Amino acid sequence: MGERRNIVIAGAGIGGLTVALALAQRGFPAIVCERAEKLSEVGAGIQLSPNVGRVLAGLGLDKAVAGIAAEPRSLNVRSGTSGRLLNTISLSGMAQRYGFPWRVAARSELQQVLAGAALAHPDIELRLGRTVADFAAGRDEMLVSTESRSGRSVLPAAALIVADGVSSRLRDKIDGAETAKPIGRTAWRATIPARVAETILSADAVGLWLGPDAHLVHYPIAGGRMINIVAIVKEDWTGVGWSEPGDHYQLAAHFAGWGKAARAIVGAPSEWRKWAILSVDPTGPWVSDRAALLGDAAHAMPPFLAQGAAMAIEDAAVLAASFAADPEDAAAALFAYEAARKPRVATVHRAAFETGMHYHHGGALAVMRNAALWLAGARLALRRNDWIYGWKLDS
């Protein structure tokens, strides 16, 4: 295949690398341009629900992912103020229910698995230190302008996939595309050694602590050697960085009224990093001619359902299938991808916001929420998300 048939992908994050692999598997060569000189995925941990596992297994990566991930036995939901256990959902039974397990991993290790597979594929070229700066539609191709230390060049391509994240530099070149907006919440993250964590939490489970205007999540990463801790709090800070230093005392103030156990978790790390949570309305345009948004660039959502990266990975599978269905018309394939993905992504996006609202209830609403979680039991709580975890490409 000549270079004109290449599909150029802006961004070598999880979404960009996954779509390169999915396209190459279908016979479409890809060039992935990443402005960073070295791959470095943002964030410490990632939860890989069964719908993610299904796509990655379809790309032949199940064994590699299993090698860098842990499979926690349960999700323990607790009241942040009292410490009371509200519900325990078995995660060890996920594989039996959905065909694939619930896994947790370091984001950087997942990115390395994807990058390794991309580098090994003869139809994928990974160009680090090269930024997609602009693009324009030609008569029967996309002209993609890139920049690097060695200068500027133009790549002729069948299409451009914009997978450069929530703070995309290219999104505003898609006619009518939505902008990223802060939701009034910040995410704080830290890691601690598992041997330290065992004194204050279950090191082989996912923990979720709910309280007024905040919640905590923790789970094992790095083969179970470390514990990733994420605190989501109501805060109007709008810093632009993804990994800004966070003041521990400022974070602790958000949990001052919480119980001793939750406060011990917040107090365990010696260093915190923070970022403002941004959202992109998924109902806006994703496609303009032969250019399309993918993942957070198209529909960034709050992390309350742990489905942000999952939606990007699903996007990749659907986009590649759309090209396979219409290989001679890139624009038609991209519009078909957008039409196929929008309803599901919009539903998940809305559900994530609603989940966050319930997580952060206080007062009487928190009492009602806690009672509902207790009465629902594990089976009903799990069944509510069958529509998320049971997703298949052809469904």
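All figures in this text were calculated on a predicted structure; none of them were measured in a lab. Side-chain atoms are counted along with the backbone in the values below, which use heavy atoms only and exclude waters and symmetry mates.
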Step-by-step side chain to side chain contact (heavy atoms under 4.5 Å, CB included) determination, V348 to W387: CA-CA 10 Å; V348 175; W387 66 278; 3.6 Å; yes
Worked verdict on V266 versus L251 for side chain to side chain contact (heavy atoms under 4.5 Å, CB included): CA-CA 8 Å; V266 174; L251 177 62; 4.0 Å; yes
Residues R341, H299; criterion side chain to side chain donor-acceptor pair (under 3.5 Å); working and verdict: CA-CA 11 Å; R341 287 300 291 159; H299 49 67; 5.4 Å; no
Evaluation steps, side chain to side chain donor-acceptor pair (under 3.5 Å), between R130 and S148: CA-CA 5 Å; R130 184 164 290 275; S148 69; 3.0 Å; yes
Candidate pair L21 and L61, rule side chain to side chain contact (heavy atoms under 4.5 Å, CB included), full reasoning: CA-CA 10 Å; L21 291 166; L61 299 176; 4.0 Å; yes
Step-by-step side chain to side chain contact (heavy atoms under 4.5 Å, CB included) determination, M226 to N228: CA-CA 7 Å; M226 303 293 290; N228 185 51; over 6 Å; no
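Taking 4.5 Å as the limit, some side-chain heavy atom of L216 sits within range of a side-chain heavy atom of F255. In this structure, R344 and M311 have side chains that are in contact, with non-hydrogen atoms separated by less than 4.5 Å. In this structure the side chain of I124 never reaches within 4.5 angstrom of the side chain of L23, judged on heavy atoms. Looking at heavy atoms from C-beta onward, I31 lies out of side-chain contact with V144 at the 4.5 angstrom threshold. Residues M142 and D289 have side chains in contact (heavy-atom distance under 4.5 Å, counting atoms from C-beta outward). A heavy-atom distance below 4.5 Å is found between the side chains of L39 and Q112. In this structure, the side chains of P72 and D204 stay at 4.5 Å or more apart for every pair of heavy atoms. Put simply, the side chain of L334 reaches to within 4.5 Å of the side chain of F323, judged on heavy atoms.
Cluster annotation: L75 is connected to I388 through the hydrophobic network of ILVMFWY side chains, with a link wherever side-chain heavy atoms come within less than 4.5 Å. Both L319 and I7 are members of a single hydrophobic cluster when ILVMFWY side chains are connected at heavy-atom separations under 4.5 Å. Grouping the Ile, Leu, Val, Met, Phe, Trp and Tyr side chains by contacts below 4.5 angstrom, directly or via other members, places L393 with Y337. By the criterion of side-chain heavy atoms lying less than 4.5 angstrom apart, applied directly or through intervening Ile, Leu, Val, Met, Phe, Trp or Tyr residues, L294 is grouped together with F28 in one hydrophobic cluster. Cluster annotation: I192 is not connected to V104 through the hydrophobic network of ILVMFWY side chains, with a link wherever side-chain heavy atoms come within less than 4.5 Å.
K234 contributes no side-chain N or O that, together with a main-chain N or O of A214, makes up a donor-acceptor pair within less than 3.5 Å. Although no hydrogens or angles enter the test, the distance criterion places a donor-acceptor pair under 3.5 Å between the side chain of S322 and the main chain of V318. Checking side-chain atoms of N6 against main-chain N and O of V8 turns up no donor-acceptor pair under 3.5 Å. E338 places a side-chain N or O within 3.5 Å of a backbone atom of W286 that can act as its donor or acceptor partner. Side-chain atoms of D164 never come within 3.5 Å of backbone atoms of G11 as a donor-acceptor pair (strictly under, hydrogens ignored). Looking only at distances, no side-chain donor or acceptor of R273 sits under 3.5 Å from a matching main-chain atom of R189. At least one donor-acceptor pair closer than 3.5 Å links the side chain of R369 to the backbone N or O of H358. At least one donor-acceptor pair closer than 3.5 Å links the side chain of Q111 to the backbone N or O of A12.
Under 4.0 Å is where a charged nitrogen must lie from a carboxylate oxygen, and between E244 and K274 no such pair does. Between R97 and D386 there is a salt bridge, since at least one side-chain N of the basic residue sits less than 4.0 Å from a carboxylate O of the acidic one. A salt bridge is defined here as a Lys NZ or Arg NE, NH1 or NH2 lying under 4.0 Å from an Asp or Glu carboxylate O, and K173 with D134 meets this definition. A salt bridge links R103 with D62; the closest basic N to acidic carboxylate O contact falls under 4.0 Å.
The distance from atom CG of L114 to atom CG of L126, rounded to the nearest 0.5 Å, is 11.0 Å. To the nearest 0.5 angstrom, L48 atom CG is 10.5 Å from E71 atom CD. Atoms CG and CZ, from L208 and R78 in turn, are 11.0 Å apart once rounded to the nearest 0.5 Å. D123 CG to Q25 CD: the interatomic distance, rounded to the nearest 0.5 Å, is 12.0 Å. One finds the CG atom of N385 at 7.0 Å from the OH atom of Y98 (value rounded to the nearest 0.5 Å). Once rounded to the nearest 0.5 Å, the distance linking CG of N370 with CG of L210 reads 7.0 Å.
In terms of heavy-atom proximity, A105 sits nearest to I221 at O-CG2, 3.5 Å. Between W374 and L85, the closest heavy-atom pair is CZ3-O, 3.5 Å. Nearest heavy atom pair, residue A312 against residue G15, reads CB-CA, 4.1 Å. G165 and R171 make their closest contact through O-NH1, 3.9 Å (heavy atoms, listed as atom of the first residue, atom of the second, distance). Here the closest heavy-atom approach between residue R107 and residue A309 is recorded as NH2-CB, 4.4 Å. Shown here for I277 and P303, the closest heavy-atom pair between the two residues is CD1-CD, 3.8 Å.
Every pair passing side-chain hydrogen bond (donor to acceptor under 3.5 Å, both in side chains) that includes a residue from residues 46-55 is listed here, sequence neighbours excluded: Q47-W102, S49-N51, S49-Q307, N51-Q307, N51-E314.
Within a 6.0 Å radius of CZ in R152, other residues, nucleotides and ligands contribute more than 12 heavy atoms. Within 6.0 Å of CE in M368 there are 12 or fewer heavy atoms belonging to other residues, nucleotides or ligands.
Aromatic ring pairs are classed by plane angle as parallel below 30°, tilted from 30° to 60° and perpendicular above 60°; the pair H349 and F353 is tilted.
Tested against H215, the residues Y359, W209, W258, W188 include a single ring pair (Phe, Tyr, Trp, His ring centres under 6.0 Å) partner, Y359.
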